Number of protein chains: 2
Amino acid sequence: MTRLTPIIACNDCPIRFRAVCADCDAEELAMLERVKTYRTYAAGAHLALAGEGLDHFSSIVSGCATMSRTLEDGRRQTVGLLMPPDFIGRPGRAQSAFDVQALGEVTVCRFERRAFEQMVRDTPHIATRLLTMSLDELDAARDWAVVLGRMTAREKLAAFLVSLARRQAQGSTARLPGGGVSLTLPLTREELADHLGLTIETTSRQMTALRKDGLIDLRQSREVLIPDFEALSAEAGEDGDGGPIV
Amino acid sequence: MTRLTPIIACNDCPIRFRAVCADCDAEELAMLERVKTYRTYAAGAHLALAGEGLDHFSSIVSGCATMSRTLEDGRRQTVGLLMPPDFIGRPGRAQSAFDVQALGEVTVCRFERRAFEQMVRDTPHIATRLLTMSLDELDAARDWAVVLGRMTAREKLAAFLVSLARRQAQGSTARLPGGGVSLTLPLTREELADHLGLTIETTSRQMTALRKDGLIDLRQSREVLIPDFEALSAEAGEDGDGGPIV
DNA sequence: GTCATACATTGATCGAAATCAAAGGTGGAT
DNA sequence: ATCCACCTTTGATTTCGATCAATGTATGAC
């Protein structure tokens, strides 16, 4: 049971568990430190392009990014909103299946693919940790399919706001006295529309409708205040048990 | 490098790689054999219910199943079509997030959760193998989100037929002389509608439309013949490079 | 054979979201 | 401050898929 010194601890990427893992040794951790680098992207920058080579694996340290695909005729669908500590890329494949684009400034912790794959092979805990993360993302992707396939525009918007608030709850979302929640949308209306499978106009209209019905309060177009979280959840068609199992 | 005897090889479940794995030993494989059982479900049977306990992990050996969620008001969305060697359940969670229902008769290879989790912890190759499978399913789920969010009814249907033909291509799909493909739908029109995020009527109408346009041929309602696979792919909005990277 | 049942197709009408179009806001550059 | 570019909202109209309704078609029981 090695006690690790902070200087080699990695606390801001998916591999961070190794810093507190009882049965990993310092050599492995040092190896991990050697191969990782940090990188910061400007707002709007592409972190990956669908179909193009992706010879590294990254974990988001700060900021948000979208994962999306654009059809030839311009229709775009966002398939995931990436937030810390989500990962980009995967072991065993040298191509990205989707576009990944920064929303605002994004910092990632990055590993070269070969070195990363070697680490996954050599270090069982990394594979296990990645498996858990992947399965969680898989459940989330399937939950979102229900939203895309069967919900109305209003329900989609409510579901998104609720899920975003839940995701930010681990981090920075402000809890207001009286059960309210406030959050800042990392997306423009257009990006939101692409995520919900709607047009920008419908998205804006439904946002207005939720505001007029008192379910949300908009101080600015991207500053959302949810006075009654339960009420908004109900609008998203939730059965009152506090959301998806994920 | 142990050469394994057939009697302890498992060739019909996700763990089958162990039978040919050079660096695993016979003891581990024997342990794996001890904890697994086979189970067959009748058509329509539930293999899991959303929100209910699921104290085992299974891999489909034969047959098909759907993974779906039903909202309180009856709207249902299928989030995945399970075929061999897809898995049901996951390490680290004792609840199912979705309903899993057999389409026709289904046989699974089943492990009790505790024993399976122990195996995952103890056997690095199992974790790696599961990781690869999960990441493939994740990409597939995200690809499907593009279909659900942005495609028309006709495109959805074409995309589904194309993807089903591709999945069955590893197995049983008949390749006809002249580049055609024939396949048997494992789903009723209603189940198909639930998968595509459409109603049964729209699904049926689009099926008819594809038939009238010569893109498919229906000998029976569930016997589909695709005379020109490329033409149907194009209808699904594919850019000609042979489908998703998955 | 007839009947019952579930599945599938087709038709008529309706409605939610898309599309087309224009006007309001907001923030940064000069 | 003024202008400009981009984002957002709102309005008018259209369209695709949903809904309501009926008819057609297989399969198995008896």
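Since we're looking at a predicted model, the values are computed, not measured. Numbers restart at 1 for each chain; the letters A, B, ... are given by sequence-line order, proteins then strands.
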Tightest non-hydrogen contact, residues P227(B) and L225(B), listed as CD-O, 3.3 Å
Which atoms form the tightest heavy-atom contact between G63(A) and P84(A), and what is the distance? O-CD, 3.4 Å
Look at R76(B) together with D99(B) and state whether they make a salt bridge at an N to O cut-off of under 4.0 Å. no
Atom [atom1] of [X] to atom [atom2] of [N]: distance rounded to whole Å?
X: R154(B); N: dC16(D); atom1: CZ; atom2: C1'; answer: 14 Å
X: R75(A); N: dA18(C); atom1: CZ; atom2: P; answer: 12 Å
X: R219(A); N: dG25(C); atom1: CZ; atom2: P; answer: 19 Å
X: E223(B); N: dT25(D); atom1: CD; atom2: P; answer: 19 Å
X: I216(B); N: dT9(C); atom1: CD1; atom2: C1'; answer: 13 Å
X: L157(A); N: dA16(C); atom1: CG; atom2: P; answer: 17 Å
X: L103(B); N: dC7(C); atom1: CG; atom2: C1'; answer: 15 Å
X: K156(B); N: dC16(D); atom1: NZ; atom2: C1'; answer: 11 Å

Side-chain donor-acceptor contacts of residues 206-216 of chain A below 3.5 Å, not counting sequence neighbours, with atom names and distances?
unit_1	atom_1	unit_2	atom_2	d
T208(A)	OG1	S204(A)	O	3.0
D213(A)	OD2	R154(A)	NH1	3.0
D213(A)	OD2	R154(A)	NH2	2.8

With D55(B) via salt bridge (charged side-chain N to carboxylate O under 4.0 Å, His left out) - residues at least two apart: R113(B)
Those residues at least two apart in sequence (or on a different chain) that pass salt bridge (charged side-chain N to carboxylate O under 4.0 Å, His left out) with R142(B) are E137(A)
If you compare every side-chain N and O of Q220(B) against the phosphate oxygens of dT27(D) (OP1, OP2), does one of them come in below 4.0 Å? yes
Between the protein and nucleotides 4-10 of chain D, which nitrogen or oxygen pairs are less than 3.5 angstrom apart?
unit_1	atom_1	unit_2	atom_2	d
dT8(D)	OP2	R189(A)	N	2.7
dT9(D)	OP1	R189(A)	NH2	3.2
dT9(D)	OP2	R189(A)	NE	2.6
dT9(D)	OP2	S204(A)	OG	2.8
dT9(D)	O5'	S204(A)	OG	3.2
dT10(D)	OP2	T208(A)	OG1	2.7

Computed from five pairs at either end and rounded to 10 degrees, the angle between the axes of the helix from dG1(C)-dC30(D) to dT30(C)-dA1(D) is 30°
Flag, side chain of R222(A) to backbone of L187(A), donor-acceptor distance under 3.5 Å: yes
Given 3.5 Å as the limit, does a donor-acceptor pair link the side chain of S96(A) with the main chain of F98(A), or not? yes
Indicate every side-chain donor-acceptor pair of residues 191-200 of chain A with a distance under 3.5 Å to a residue at least two apart or in another chain.
unit_1	atom_1	unit_2	atom_2	d
E191(A)	OE1	T188(A)	N	2.8
E191(A)	OE1	T188(A)	OG1	3.4
D194(A)	OD1	R150(B)	NH2	3.0
T199(A)	OG1	T202(A)	N	3.3
T199(A)	OG1	T202(A)	OG1	3.1

